[in-house]
Amino acid sequence: YNYSDYGNYKDGDNREIPSSFRSQDYHLKIGLKTTNKSRYEIGFQQQFGRDIKHASLPMDTSYDDTSIGYFIGKTMFENSSLQEIQSRVYGSFVKHQMHNLNRPNAKMMEMISDVESKTLGAKIEAIWKMNDVQLFTGFDGYLLNRDGYRNGKTIRQNGVLLPTPIYNRASIWQDTDQTNFGGFVQGSWKINRAHKIEFGARLDRNELKINQPSSAFSNLYSDLNPIDWNWSATAQYEYTFNPLNKIKFLVGRGVRSGDM
């Protein structure tokens with residue numbers, strides 16, 4: 001468990017700079033280790049931030065709460081080409097609010113933004129050893145959802161006080177989902193003392209979906225549910241002249257889809 005309470009700092013001209021914040025967090029975990037060096041761990045942690053003032057932003061953070069749960073496994077095998085299986089499952093939830101109520105521009109317009117982010121992911125990887133070839137194979141993926149709203153209150157326009165404030169509400173993430181699943185293989189083959197080959201490949205399926213699109217998005221973009229298939233690959237040859245000198249030739253292709 002940890003608790004922190006920091007105040008504002010002063011610059012070289014003795015001016016107080018808004019930068020104070022409070023935070024607390026804790027981490028719980030339990031693990032198991034077997035006789036063949038296999039390990040398994042389950043954990044849960046939370047972090048809570050309060051009244052976070054940002055020196056370089058026009059808004060401050062009311063709260064920033066994060067919860068994370070996970071499982072990590074490492075299974076070892078003896079007398080087998082399959083040496084090890086590593087696995088991980090995790091989930092997180094983030095809730096965050098920012099506002100400008102303590103800033104000078106709040107006299108013109110008050111703004112409060114609330115956002116949430118939920119993530120669920122997993123990865124499993126197998127490590128193989130076959131004579132002079134070492135191989136890594138596996139799958140991974142995650143599901144991500146982000147949503148939030150910005151609530152505004154316009155008090156003055158062009159410096160003139162409005163008889164009645166104007167209220168508006170806009171979506172920030174438009175309840176958007178991102179899903180990514182991928183498979184990969186990576187290996188190395190040491191032919192002899194001088195020659196070595198390394199290789200790798202990966203295939204990803206990435207999908208984005210806007211569940212509550214604004215009219216502006218609907219009018220501007222024709223496809224609000226894009227799906228991409230991305231493949232990446234690399235190959236490398238290494239020749240060793242002596243322990244101090246070697247040469248490598250490498251070719252590769254890397255592709256990834258846009259993120260939120």
Side-chain angles (χ1 to χ4, degrees), residues 1-11 15-32 39-74 86-123 140-153 155 167-180 208-212 258-260:
Y1 175 81
N2 179 63
Y3 176 79
S4 302
D5 188 350
Y6 292 91
N8 298 328
Y9 72 88
K10 292 184 179 181
D11 65 8
R15 294 175 301 185
E16 188 171 89
I17 307 300
S19 56
S20 63
F21 68 91
R22 292 180 291 115
S23 71
Q24 57 182 325
D25 62 85
Y26 68 90
H27 187 183
L28 304 173
K29 62 180 179 179
I30 184 172
L32 171 67
R39 297 181 59 185
Y40 307 94
E41 180 181 315
I42 297 176
F44 180 75
Q45 62 188 89
Q46 287 188 302
Q47 183 175 20
F48 308 97
R50 293 292 183 273
D51 303 322
I52 305 169
K53 297 180 180 179
H54 303 283
S56 59
L57 297 178
M59 302 181 75
D60 298 316
T61 299
S62 304
Y63 58 81
D64 184 81
D65 298 342
T66 302
S67 301
I68 301 174
Y70 64 87
F71 164 81
I72 299 175
K74 182 179 180 181
Q86 298 181 1
S87 56
R88 176 187 294 265
V89 180
Y90 61 91
S92 68
F93 177 71
V94 180
K95 198 169 184 180
H96 182 84
Q97 184 187 82
M98 296 190 73
H99 66 83
N100 72 333
L101 303 182
N102 299 327
R103 300 305 178 101
N105 59 356
K107 297 178 181 179
M108 304 289 293
M109 174 184 291
E110 296 179 356
M111 192 72 67
I112 300 177
S113 298
D114 294 279
V115 295
E116 292 183 356
S117 176
K118 298 180 283 290
T119 305
L120 181 64
K123 179 180 180 179
D140 56 29
Y142 65 85
L143 294 85
L144 171 63
N145 173 267
R146 287 177 176 169
D147 196 12
Y149 291 92
R150 181 175 59 249
N151 299 290
K153 176 184 176 183
I155 303 171
Y167 295 87
N168 64 80
R169 180 179 172 88
S171 177
I172 297 177
W173 293 109
Q174 303 177 86
D175 190 15
T176 298
D177 295 321
Q178 181 174 6
T179 306
N180 182 278
L208 282 166
K209 183 179 180 182
I210 302 178
N211 298 303
Q212 297 180 2
D259 202 353
M260 281 192 283

Test side-chain hydrogen bond (donor to acceptor under 3.5 Å, both in side chains) applied to Tyr70 and Glu41, Arg88, Lys29, Gln45, the passing residue |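 Single side-chain hydrogen bond (donor to acceptor under 3.5 Å, both in side chains) partner of Tyr70 among Glu41, Arg88, Lys29, Gln45: Glu41.
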[X]: partners by side chain to side chain donor-acceptor pair (under 3.5 Å), with sequence neighbours left out:
X: Gln47; result: none
X: Tyr40; result: Thr75
X: Tyr1; result: Gln24
X: Asn8; result: Glu16, Ser20

What residues, two or more places apart in sequence or in another chain, satisfy ring pair (Phe, Tyr, Trp, His ring centres under 6.0 Å) together with Tyr6?
->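 Phe21.
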Asp140: side chain to side chain contact (heavy atoms under 4.5 Å, CB included) partners, not counting sequence neighbours |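 Once residues adjacent in sequence are excluded, the partners of Asp140 under the side chain to side chain contact (heavy atoms under 4.5 Å, CB included) criterion are Lys123, Phe184, Arg202.
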Side chain to side chain contact (heavy atoms under 4.5 Å, CB included) against Gln46, all qualifying residues, sequence neighbours excluded |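 Applying side chain to side chain contact (heavy atoms under 4.5 Å, CB included) to Gln46 gives Tyr26, Phe44, Phe48, Ser67.
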Drop me the distance from [X]'s [atom1] to [Y]'s [atom2], to the nearest 0.5 angstrom.
X: Tyr90; Y: Leu120; atom1: OH; atom2: CG; result: 8.0 Å
X: Trp173; Y: Gln178; atom1: CH2; atom2: CD; result: 10.0 Å
X: Asp177; Y: Ile210; atom1: CG; atom2: CD1; result: 10.5 Å
X: Ser23; Y: Asp64; atom1: OG; atom2: CG; result: 10.0 Å

Give me the atom names and distance for the closest heavy-atom approach of [X] to [Y].
X: Ile155; Y: Ala106; result: CD1-O, 3.6 Å
X: Gly258; Y: Leu208; result: O-CD1, 4.0 Å
X: Ser19; Y: Gly7; result: OG-O, 4.0 Å
X: Ile42; Y: Phe71; result: CG1-CD1, 3.8 Å

Begin with the C-alpha distance, continue with both residues' side-chain angles, and end with the deciding distance and a verdict on side chain to side chain contact (heavy atoms under 4.5 Å, CB included) for Val89 and Ser87.
-> CA-CA 7 Å; Val89 180; Ser87 56; over 6 Å; no
Can you tell me if CD1 on Ile30 sees more than 12 non-hydrogen neighbours from other groups inside 6.0 Å?
->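 Open: at most 12 neighbouring heavy atoms sit under 6.0 Å from CD1 of Ile30.
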Please list, one pair per line, the donor and acceptor atoms closer than 3.5 Å that link side chains of residues 109-119 to other protein atoms, with sequence neighbours excluded.
from	atom 1	to	atom 2	distance (Å)
Asp114	OD1	Tyr63	OH	3.4
Asp114	OD1	Gln97	NE2	2.7
Lys118	NZ	Asn145	OD1	3.4

Residues that Arg103 engages under salt bridge (charged side-chain N to carboxylate O under 4.0 Å, His left out), provided they are two or more places apart |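 Once residues adjacent in sequence are excluded, the partners of Arg103 under the salt bridge (charged side-chain N to carboxylate O under 4.0 Å, His left out) criterion are Asp60.
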Using salt bridge (charged side-chain N to carboxylate O under 4.0 Å, His left out) as the criterion, list what pairs up with Arg169, not counting sequence neighbours.
->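 Expected list: none.
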Side-chain polar contacts of residues 50-58 - donor-acceptor pairs under 3.5 angstrom, sequence neighbours left out - could you list them?
from	atom 1	to	atom 2	distance (Å)
Arg50	NH1	Asp65	OD1	2.6
Arg50	NH2	Asp65	OD2	3.4
Asp51	OD2	Arg22	NH2	2.6
His54	NE2	Thr61	OG1	2.7

Short side-chain to backbone donor-acceptor contact, Asn211 and Asp175, under 3.5 Å |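 A pair under 3.5 Å: yes.
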